[in-house]
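Worksheet: the structure to be examined is printed underneath.
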Amino acid sequence: MFISKTKPLRCLTKHISKFHLSTALFHTWHFLSLPSSPSLTQIKQAHARILVSGLAADARFMGHLLAHLSLSDSVPLGYCKSIFRAISFPSVFAFNNMIRCLAKGNSNSPLQSLALYSSMQRGYLKPNNYTFTFLLQACSFASANTEGIQVHTHVMKLGFGNDVFIRNALIHLYCACSRVENSKRVFEEDALCRDVVTWNSMLAALVRSGQISVAERMFVEMLDKDVISWSTMITGYVQNGLLKKGLECFNEMREKGIKPNEAILVTALSASAQLGLISYGRLIHSTIESVNFPLTVPVGTTLIDMYAKYGCIEQSKFLFNCMPKKDICTWNVMICGLALHCHAKQVLALFQSFISEGFSPVNITFIGVLNACSRAGMVSEGRHYFKLMTNDYGIQPEMEHYGCMVDLLARAGLIDEAAQLIETMVVPLDPVLWSTLLGACKIYGLVEMGENIGNKLIQLDPNRDGHYVQLARIYAKARKWEDVVRVRRLMAERTRKIAGWSLIEAQGRVHRFFAGDREHERCYDIYKMLESIGLRVAEAGYLPNISPVLHDIGEEEKENAIKEHSERLAIAFGILVTEVRDCIRIVKNLRVCEDCHEVTKIISRIFKREIIVRDGSRFHHFKEGKCSCLDYW
DNA sequence: TTAGGGTTAG
């Protein structure tokens, strides 16, 4: 029978007195109660009792069942429909709850609720305020602007324009349909008909449309802020790439004594992960632990992702194993995290466990799996999973999947096969694929092919500096210095080069270095350390590889230019200010050049330091003279 | 007797 913490269906007991049911039946109804969030099984049990009592056609009982079903996730829509169809004379209440079942985001076609609304009107039933909230919800889920406007017209015609719930739903609808101006119009129509949800909905509409400074002003103006107002503003900053501002807002909220909830913690952790700065995220994590905040699925998943992005993959694995409950996102972040760290075999093993647990892979799962294959150069496995994805799971490959495959094939030297794959793609071509191929031309010294692709790319996107850089590197490797100069000049005329930088967290601060940087307060010591590193790596037999240097300068100057790459300055600073037992963690915006990669391996050996570099596309974990990427990147 | 806003994976 049902446990004590249950909420009886009050209508049922009322019904009993009305029909003077027998005492025995009264007891049956008394036990026919449901908890506030019943499971599908519990609802089905209640349904069975109603059927046994011969009340399957009663609008009130069935309306309640539908109300519970509309709240529960993953309820088969066919089941709701069969309940609704059994009602002899559906009331507005029953219609509303069926509309709500149809409107839910997990229903395949929320707009079916509009058809039900029409049939309700044909039955001469008058919609009420609840009807419109659910209908507008359906239009929001479907991002259906035209239908939404039609519902809005009905709202006005039938005189529900001053209902605050409906107005809030309208603001939300126009936001979901990317019509922020319409949201604003509804918001401004009546300043008296607003509550905190109205303000929050408008705030969300502004941040979602990227109007962050307008949102910021509104947030300051708001007299009545609740935890969702803060959550919306923090999320707004983070989703618009203003990560530091998002974290500052999070701090401000805490200083005001407002306790963060799950949504806020998840956003703050995600911002810290994106920044790649470990101390901040660790601080949030320790706060979560100190207040005994439960390791819920979203919090745990974000923590796993965050540690993977910090380079602490072992910590991610530990958390993954600790999580009492996992969803598909949890598995995906673990798979993608391991792939980011080039642990290809572990990725494939985890994918098997994922399937054994009864999960069905989605597009992102395969991005992780294919990325792992690509980074480890596992050609046959990559081909196998690419086929598995389309043939067994019916997932249409997206740009990212093709990207992994092109990268895998091209870097393995199968450049013709990679080019063929690009030609046969079923999605619109992204120049990044040709750019991947261009990278492979550099590895294999294919000057002619590289020239063709490089020129094609430059034609397609003349303002992007990356294509010129890659082409110039191909020429540099072939020591065709005149061509290097020509491409560099073109680049200087047409583009603005993105400056490379490296970050390191030390002594409670973030230090950023550019190549050849002399701005740091410990500049003298850093360059002294760089010199000492240079001598020791030379003693260890290192010979500089100057092909990454594009400048048309003398050989000695080229050597010096490499020596002063931003990551080397950051590493020198790291050796200077951290303890030997500490790992040196660097975050770099561009990819590590071959020479720096080689030198960092040697540094890790002769200085006995663990160095983790997160570059533009992956992690390099340097230890005892080796890198986790096994020089394949 | 049914209602609204903010959250995690490439």
Specify the separation, in whole Å, of atom [atom1] of [X] and atom [atom2] of [N].
X: A:L269; N: B:dG6; atom1: CG; atom2: P; answer: 20 Å
X: A:I166; N: B:dT2; atom1: CD1; atom2: P; answer: 16 Å
X: A:F250; N: B:dG6; atom1: CZ; atom2: C1'; answer: 14 Å
X: A:Q274; N: B:dT8; atom1: CD; atom2: P; answer: 10 Å
X: A:N96; N: B:dT2; atom1: CG; atom2: P; answer: 11 Å
X: A:F293; N: B:dT8; atom1: CZ; atom2: P; answer: 15 Å
X: A:L206; N: B:dG6; atom1: CG; atom2: P; answer: 13 Å
X: A:L370; N: B:dA9; atom1: CG; atom2: C1'; answer: 15 Å

Within the pair A:R208 and B:dG6, is there a side-chain N or O less than 4.0 Å away from OP1 or OP2?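 A:R208 to B:dG6 OP1/OP2: side-chain N or O found under 4.0 Å.
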
Does A:K326 have a side-chain nitrogen or oxygen under 4.0 Å from the phosphate oxygens OP1 or OP2 of B:dA9?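 So the side chain of A:K326 is outside the cut-off, no N or O lying under 4.0 Å from OP1 or OP2 of B:dA9.
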
Please list residues of residues 230-243 of chain A whose heavy atoms come under 4.0 Å from any atom in DNA chain B, ordered by number; otherwise none.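 Heavy-atom cutoff 4.0 Å gives A:S231, A:T232, A:T235, A:Q239.
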
Tell me which pairs pass salt bridge (Lys or Arg N to Asp or Glu O under 4.0 Å) where either residue lies in residues 89-100 of chain A, with sequence neighbours left out.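 Qualifying pairs: none.
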
Exercise: do A:Y174 and A:E181 side chains pair donor with acceptor under 3.5 Å: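 Result is no, nothing qualifies.
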
Just call it for [X]: base, sugar-phosphate, or nothing, with non-hydrogen atoms closer than 4.0 Å on any strand.
X: A:E398; result: base
X: A:V333; result: sugar-phosphate
X: A:T302; result: sugar-phosphate
X: A:D305; result: sugar-phosphate
X: A:F132; result: nothing

Here's a test for you: under side chain to side chain contact (heavy atoms under 4.5 Å, CB included), which of A:L203, A:I264, A:L206, A:D226 qualifies with A:T232?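 Answer after filtering A:L203, A:I264, A:L206, A:D226: A:L203.
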
Which residues share a ring-ring contact (aromatic ring centres under 6.0 Å, His included) with A:Y402, sequence neighbours left out: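 With sequence neighbours excluded, A:Y402 shows a ring-ring contact (aromatic ring centres under 6.0 Å, His included) to A:F386, given in chain and number order.
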
Nearest to the A:A204 side chain among B:dA3, B:dT8, B:dG6, which nucleotide is it?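 Looking only at side-chain atoms, A:A204 lies closest to B:dG6.
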
Proximity to the side chain of A:N371 - top-ranked nucleotide from B:dT8, B:dG10, B:dA3: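 Selected nucleotide: B:dG10.
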
Option among A:T133, A:N128, A:N129 that satisfies the side-chain hydrogen bond (donor to acceptor under 3.5 Å, both in side chains) test with A:T131: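 Single pass found, and it is A:N128.
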
More than 12 heavy atoms of other residues, nucleotides or ligands under 6.0 Å from OH of A:Y393: is that the case?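 Enclosed.
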
Between B:dG6 and A:N261, counting only base atoms on the nucleotide and side-chain atoms on the residue, is there a donor-acceptor pair under 3.5 Å?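 By the distance-only test, yes, there is a pair.
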
Pi-cation contact, A:F219 with A:K225 (under 6.0 Å, within 45°):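 Yes, a cation-pi geometry holds between A:K225 and A:F219.
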
